[in-house]
Asker: 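Can you keep this structure in mind? I'll have questions shortly.
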Amino acid sequence: MTATAARPMFMADAVTRRFGSVVAVGDVSLSVEPGQIHGLIGPNGSGKTTLLNLLSGFYAADRGRIALGDIDLTHVGVTRRAELGIARTFQTPRLLGSLSVLDNVMLGGWHQVRSTFMESALDLPRPRREARAIRERATALLDGVGLGRVARQRADTLGHSAQRVLEIARALCMQPRFILLDEPAGGLTVTEIAHLGTIIATMRDAGIGVLLVEHHTDFVFRTCDCVTTLDLGRIIASGAPHAVRTHPDVVKVYLGA
Amino acid sequence: MVGPAGQRRPQTIAAAAIALTVLVPPLTGNLYYVHVATVIGVYWILIATLNLLVGYTGTLSIGHIGLLAIGAYTFAILAGTVGWNSYLALLAGGVLCASIGLLLGLPSLRLPGFYFAMVTTAFGLIVSELALAEGWLTNGSVGMAAPTFPAPFASPDGFYTLVTLIGALVTWLCWNLARSMWGGRMMAVRDSRIAALSLGIPPARTKLIVFVFSGFSAGIAGGLFATSQSYITPDAFTFNLGLYFFVSIIIGGRGSIIGPFIGAVLLALIPELVGSLQKYGTFFYGAILLAVVLLIPGGFGELAARIGSGPKAGTSDATGTGPDLGRLHEAITRL
């Protein structure tokens, strides 16, 4: 994506979300810049995924504000946020198993399709042209992430790590400005994690802002430009990786008091 | 998009086979065969688009029997009582049913699937009661005569040709949709609402568009149904007929266009084939449904695809191939 003169930030400002009496996310502020990898770590139940759901719009914030540059997203729905350039993946990949790998990636191009239902039914030139452009992009992305050889296979024939990478390719097909990755390294081998790291770095170099929610703290400190640590729904440390890594509260949370 | 991976070849063969069998009934010279084939064609016009709704978007509509009835009565009233041109009356039935689909779907398609099934069930019940009660409009239980179409579609063979042409058109539209990016969009809504949302695909609007489309074709099917029966009464629109539409799709296999056609033909022929056992008609529906669900859960469509495509190409994992970062960067940054 060419982020022109204005390079808007994606940010949460003092966002709070409660489930009953439990504060899942309390007063959290965080911003992701274009061309930056922002890591989000924390123990189980610290509110990482809840925050990701607040950012992508699956949950509504009880308090606080979410914005993309000047656009207030606080009350904007999931599909509209996707159209505005916010993509995400899931902890358990949500793919369409009966579709081919290529068709799965092409689904990422849907929000750019302008041709109508009837134009598709009548097989007119515009839907064909749009599908061709999206197919080309999807193919290039699949080659890029290393799944080009299996593009015609059904998605459910892929192994776990390939499914994770496929979901990232699908999110990239949306041509997003920001991408939120929910534990992309979960269940991957050391080699696969290294590959993932290079893919994420390439996304950053291409100007995309990445929010990386992850359990593998080593991977996060190695990959990210900036790291935020959550515990019990609140931020305990945020800043450069080396500073956060040695922060006493972070050390305490990860090693036990 | 090619829909489920590698189904194109067997579907082309199936389409060619169907195109040939469609020619058979008129060639026999037997009016009864032509009538049975006409009725199957009429049902197919409804089932083809209902299949998009049920099979592709995963939305259970049990009320299409109500739409068929409204299409039939609209045609009989406008073309018969009021004296409109038959084609105009047919189209009016389609437009009316599409509008009803919009009104019915707009508030209810946002709810989980179960509620939509209840709404459409209630709709179907209301329509059949109204057809009985509003005698000033529908002649109540006495029923109404349905007009025919002008030549060259007036004779039984002619009408069969008209139904076949409309059926082919509807099949072509559905096929295009399934192969276009809409195929994936509909299946995304069916298989993973969450994924669809995250990709910017609105599930409720997707279902609504398909429901309105299927409402239109159900209305058209209703008008043709009226003519094929010559005379319609509220009894013609039984719950069993609605069940038949459904079972055709299930035994045909969701996510396939040709499968439900095979299902529709098979189910419609059963009462003809069993002859003296006709009182057990519903029993055979049940038996086939049970057999298909237990033996080939994917239905005939999947069976045909499996036979046609042979062994599945390489189910191996793709690990070992590293990413091509140059290509990736280029793919992301290019507009």
Side-chain angles (χ1 to χ4, degrees), chain A residues 1-2 56 58 78-80 82-83 87-88 90 94-100 103 106-111 113 117 120-123 127 130-131 134 137 140-141 143-150 152-154 157-159 161-162 170 172 174-175 189 192 195 198-199 202-203 205-208, chain B residues 1-6 170 172-177 179-185 187-188 190-203 205-206 209-210 212-213 254-255 298 302 312-335:
Chain A
M1 292 255 54
T2 51
S56 57
F58 279 95
V78 182
T79 50
R80 181 76 189 123
E83 284 169 14
R88 71 165 292 178
F90 297 89
R94 290 179 186 269
L95 299 167
L96 293 152
S98 65
L99 291 185
S100 74
D103 285 350
M106 285 179 70
L107 281 175
W110 244 108
H111 67 100
V113 172
F117 180 80
S120 295
L122 294 168
D123 200 20
E130 285 178 334
I134 293 169
R137 185 164 80 228
L141 283 167
D143 289 344
V145 298
L147 291 176
R149 283 191 310 127
V150 293
R152 298 263 154 215
Q153 254 174 246
R154 273 172 65 117
T157 62
L158 296 188
S161 62
R170 184 176 72 185
L172 287 174
M174 296 167 72
Q175 300 194 306
T189 65
E192 289 162 352
H195 283 158
T198 59
I199 289 172
T202 306
M203 283 160 31
D205 297 343
I208 298 177
Chain B
M1 290 236 161
V2 293
V170 170
W172 181 69
L173 294 176
C174 291
W175 197 331
N176 285 339
L177 284 166
R179 284 188 310 137
S180 77
M181 286 192 66
W182 267 88
R185 172 171 176 170
M187 286 194 253
R190 177 191 75 194
D191 291 344
S192 180
R193 189 175 163 274
I194 303 277
L197 283 168
S198 79
L199 297 169
I201 295 171
R205 201 192 307 161
T206 306
I209 292 170
V210 179
V212 169
F213 179 62
R254 59 181 208 174
E302 197 191 86
K312 198 164 287 166
T315 50
S316 66
D317 197 351
T319 48
T321 355
D324 177 347
L325 300 176
R327 186 92 205 267
L328 183 62
H329 190 275
E330 189 198 339
I332 296 173
T333 49
R334 150 184 92 167
L335 274 172

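Chain naming here is simple, since letters A, B, ... match the order of the sequence lines and numbering starts at 1 in each. Because the structure is predicted, anything quoted here is derived from the model rather than measured.
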Asker: Heavy-atom pairs under 4.5 Å with chain B - which of A:A82, A:A140, A:G97 has more of them than the others?
Answerer: A:A140

Asker: Picking from B:R327, B:R190, B:E330, which has the most non-hydrogen pairs under 4.5 angstrom with chain A?
Answerer: B:R327

Asker: Tell me, please, which residues at least two apart from B:D324 pass salt bridge (Lys or Arg N to Asp or Glu O under 4.0 Å).
Answerer: none

Asker: With a 4.5 angstrom heavy-atom cut-off, which part of A:T202 approaches chain B: side chain, backbone, both or neither?
Answerer: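 Both parts, backbone and side chain.
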
Asker: So what's closer than 4.5 Å to chain B heavy atoms on A:I199: side chain, backbone, both or neither?
Answerer: both

Asker: Is there side-chain contact between A:L107 and A:L99, with at least one heavy-atom pair below 4.5 Å?
Answerer: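 Yes, their side chains come closer than 4.5 Å.
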
Asker: Answer yes or no: is there a donor N or O on one side and an acceptor on the other, between the side chain of A:W110 and the main chain of B:M181, under 3.5 Å?
Answerer: yes

Asker: For chain B, which of A:V113, A:L122, A:L141 has the most heavy-atom pairs under 4.5 Å?
Answerer: A:L122

Asker: What pairs with B:R205 under salt bridge (Lys or Arg N to Asp or Glu O under 4.0 Å), at least two apart in sequence or on another chain?
Answerer: none

Asker: Looking at side-chain heavy atoms only, is the closest gap between A:L96 and A:D103 below 4.5 Å?
Answerer: no

